[in-house]
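Written below as structure tokens is the structure these notes are about.
The analysis underlying the following values was restricted to heavy atoms, covering all of them including side chains, and did not include hydrogens, waters or symmetry mates.
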Amino acid sequence: GLILRKLKVIYIDAVIDEEIGIFLPPSEKEINEALNKASNPKGIIITSPNYFGVSYDIENKINELKEKGIKVIIDSAHGAHFGISKELPKSLAKLGDYVVLSAHKTLPSLTQGAYLLVNDNEEKNIDFYIKAFMTTSPSYLIMASLDYARYYLDNYGEYDYGNLIERAEKWKEKINSLNKVKIIDDRDLADNYIIDRSRYLIILNKGYSGHKLLNYLRDNKIQAEMSFSQGVVLILSPSNIEEDFGKLYLSIANLDISLLKTDEKNTIFPHISPVKVLEPYEIFSLNSVDINIEDSLERIAKEAIIPYPPGIPLICAGEKITKEAIDIIKEYIDNRLKVIGVHYNTIKVIEK
């Protein structure tokens, strides 16, 4: 989108919780800092909740931005179920000018099923853009599943999610009492941060590997959504019955925690501020060369370099590669973790 519309971009810094070892959504502070760098901001994209199920209480800020004429796009991919029960965080569906809800992540919809909610009464061309960028041959199976997901929420969501969270909270207390892992709640986060209680954010003590925990749970027929240095994320479903939670409890109870020990460093990279030299659309047509990471200092990145997890760019296309960024990339590779944009220790940079 930035390339096609030739837009100028300012990136909003993420917030790092170094104790838990996760990224948090930007607070008002980070949003204000990004806005202050923009001479004439036209729009803002906010992700809420993030992959860990954490969101920031940002309603007042969104209303303030809209009053200033700034269009607000909310990527609420992991929050399609929000608001259906008082036990869940508030839905953002009515807050943004445009809100994306990925039904296939948390609702009974087929993969690729998502909703675009449009609250912008001034936008006259939305139908044109949808026709221009989406297929004229949509999958009726996906569309039917989206309709069912909406029907399910309307008719069963409040009751089912209320029951799910009641079960989840009960078993969370039991699992935490084992003193082997810690399932996080709001009290473990900074002020104004909220966690989705329909997922478990499981944290290990420092020196233990979340990636090893994911493999252990998989061996016990429990599939985590993802792992990161210090823990895993489990996405729960209203279809998870008592037996499922009991299975997780027994797996943790039987866990030999020493098997999860690791010499790997906690690979959550610190805040860095790369210098943007060119906009993404300016980079798009320039020639690139593949060079070794060690030789990339001060070169301009052709593609984004993204450690995964958490999937947050370390360097964006058009930014200058710093010594600090090189060290972080090498640390991820040394720990055998995935870095999108790195191929056999080489990265694409703009040809001199």
I'd like to know if the side chain of [X] pairs up with that of [Y] as donor and acceptor (distance under 3.5 Å, no hydrogens or angles considered).
X: Ser227; Y: His211; result: yes
X: Tyr193; Y: Asp186; result: no
X: Glu225; Y: Tyr51; result: yes
X: His78; Y: Thr106; result: no

From [X] atom [atom1] to [Y] atom [atom2], the distance as rounded to the nearest 0.5 Å:
X: Leu95; Y: Asn60; atom1: CG; atom2: CG; value: 10.0 Å
X: Arg167; Y: Asn240; atom1: CZ; atom2: CG; value: 7.5 Å
X: Ile340; Y: Ile306; atom1: CD1; atom2: CD1; value: 5.0 Å
X: Ile31; Y: Leu65; atom1: CD1; atom2: CG; value: 7.0 Å
X: Phe82; Y: Leu101; atom1: CZ; atom2: CG; value: 10.5 Å
X: Ile3; Y: Glu279; atom1: CD1; atom2: CD; value: 11.0 Å

Stepwise side-chain contact (heavy atoms from CB on, under 4.5 Å) check, Val72 with Ile74: CA-CA 6 Å; Val72 178; Ile74 302 176; 3.9 Å; yes
Residues [X] and [Y] bridged, charged N to O under 4.0 Å:
X: Glu282; Y: Lys6; answer: no
X: Lys68; Y: Glu64; answer: yes
X: Lys131; Y: Asp127; answer: no
X: Asp244; Y: Lys247; answer: no

Does atom [atom1] of [X] have more than 12 heavy-atom neighbours from other groups under 6.0 Å away?
X: Glu169; atom1: CD; value: yes
X: Glu33; atom1: CD; value: yes
X: Asn121; atom1: CG; value: no
X: Tyr98; atom1: OH; value: yes
X: Lys8; atom1: NZ; value: no
X: Lys170; atom1: NZ; value: yes
X: Glu173; atom1: CD; value: no
X: Glu243; atom1: CD; value: no

Give the minimum heavy-atom separation between [X] and [Y], together with the two atoms involved.
X: Lys172; Y: Asp185; answer: NZ-CB, 3.4 Å
X: Leu146; Y: Ala114; answer: CD2-N, 3.5 Å
X: Pro280; Y: Val9; answer: CD-CG1, 3.9 Å
X: Arg197; Y: Leu236; answer: O-CD1, 4.4 Å
X: Ala34; Y: Ile12; answer: CB-CG1, 3.8 Å
X: Ile257; Y: Lys180; answer: CD1-O, 3.7 Å

Answer yes if [X] and [Y] sit in the same cluster of Ile, Leu, Val, Met, Phe, Trp and Tyr residues linked by side chain heavy atoms under 4.5 Å apart, and no otherwise.
X: Leu92; Y: Ile46; answer: yes
X: Ile183; Y: Leu178; answer: yes
X: Leu24; Y: Ile194; answer: no
X: Ile305; Y: Leu297; answer: yes
X: Met134; Y: Ile126; answer: yes

[X] versus [Y]: any side-chain heavy-atom pair under 4.5 Å?
X: Lys206; Y: Gln230; result: yes
X: Ser76; Y: Pro49; result: yes
X: Glu30; Y: Val15; result: yes
X: Ile73; Y: Ile44; result: no
X: Thr322; Y: Ile326; result: no
X: Leu204; Y: Val232; result: no
X: Leu286; Y: Leu278; result: yes
X: Ile291; Y: Arg299; result: yes

When you measure from the side chain of [X] to the backbone of [Y], do you find a donor-acceptor pair of N or O atoms at a distance under 3.5 Å?
X: Asp188; Y: Ile184; answer: no
X: Lys302; Y: Phe284; answer: yes
X: Ser91; Y: Ala93; answer: yes

Candidate pair Tyr281 and Leu4, rule side-chain contact (heavy atoms from CB on, under 4.5 Å), full reasoning: CA-CA 7 Å; Tyr281 74 87; Leu4 290 171; over 6 Å; no
Geometric class of the Phe245/Tyr200 ring pair [parallel <30°, tilted 30-60°, perpendicular >60°]: perpendicular
Mutual orientation of the aromatic rings belonging to Tyr151 and Tyr148 [parallel < 30°, tilted 30-60°, perpendicular > 60°]: tilted
Residues 342-352, side-chain donor-acceptor partners within the protein, below 3.5 Å, at least two apart:
{"from": "Thr346", "atom 1": "OG1", "to": "His343", "atom 2": "O", "distance (Å)": "2.6"}
{"from": "Lys348", "atom 1": "NZ", "to": "Asp290", "atom 2": "OD1", "distance (Å)": "3.1"}

What side-chain donor-acceptor pairs closer than 3.5 Å can you find for residues 52-59, not counting sequence neighbours?
{"from": "Glu59", "atom 1": "OE1", "to": "Lys90", "atom 2": "NZ", "distance (Å)": "2.8"}
{"from": "Glu59", "atom 1": "OE2", "to": "Lys90", "atom 2": "NZ", "distance (Å)": "3.2"}

Using distance only, find each side-chain donor-acceptor pair of residues 135-142 under 3.5 Å and give its atom names and separation, not counting sequence neighbours.
{"from": "Thr135", "atom 1": "OG1", "to": "Ser137", "atom 2": "N", "distance (Å)": "2.9"}
{"from": "Ser139", "atom 1": "OG", "to": "Leu141", "atom 2": "N", "distance (Å)": "3.4"}
{"from": "Ser139", "atom 1": "OG", "to": "Ile142", "atom 2": "N", "distance (Å)": "3.1"}

Derivation of the side-chain contact (heavy atoms from CB on, under 4.5 Å) call for Trp171 and Leu248: CA-CA 9 Å; Trp171 284 98; Leu248 176 62; over 6 Å; no
Matching residue for Phe228 among Leu214, Val233, Ile20 - test: side chain to side chain contact (heavy atoms under 4.5 Å, CB included):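 Option passing the side chain to side chain contact (heavy atoms under 4.5 Å, CB included) with Phe228: Val233.
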Pair Ser27-Asn192, side-chain contact (heavy atoms from CB on, under 4.5 Å): steps then yes or no: CA-CA 9 Å; Ser27 68; Asn192 297 319; over 6 Å; no
Working for side chain to side chain donor-acceptor pair (under 3.5 Å), residues Lys61 and Asn32: CA-CA 9 Å; Lys61 187 63 185 178; Asn32 288 335; 2.4 Å; yes
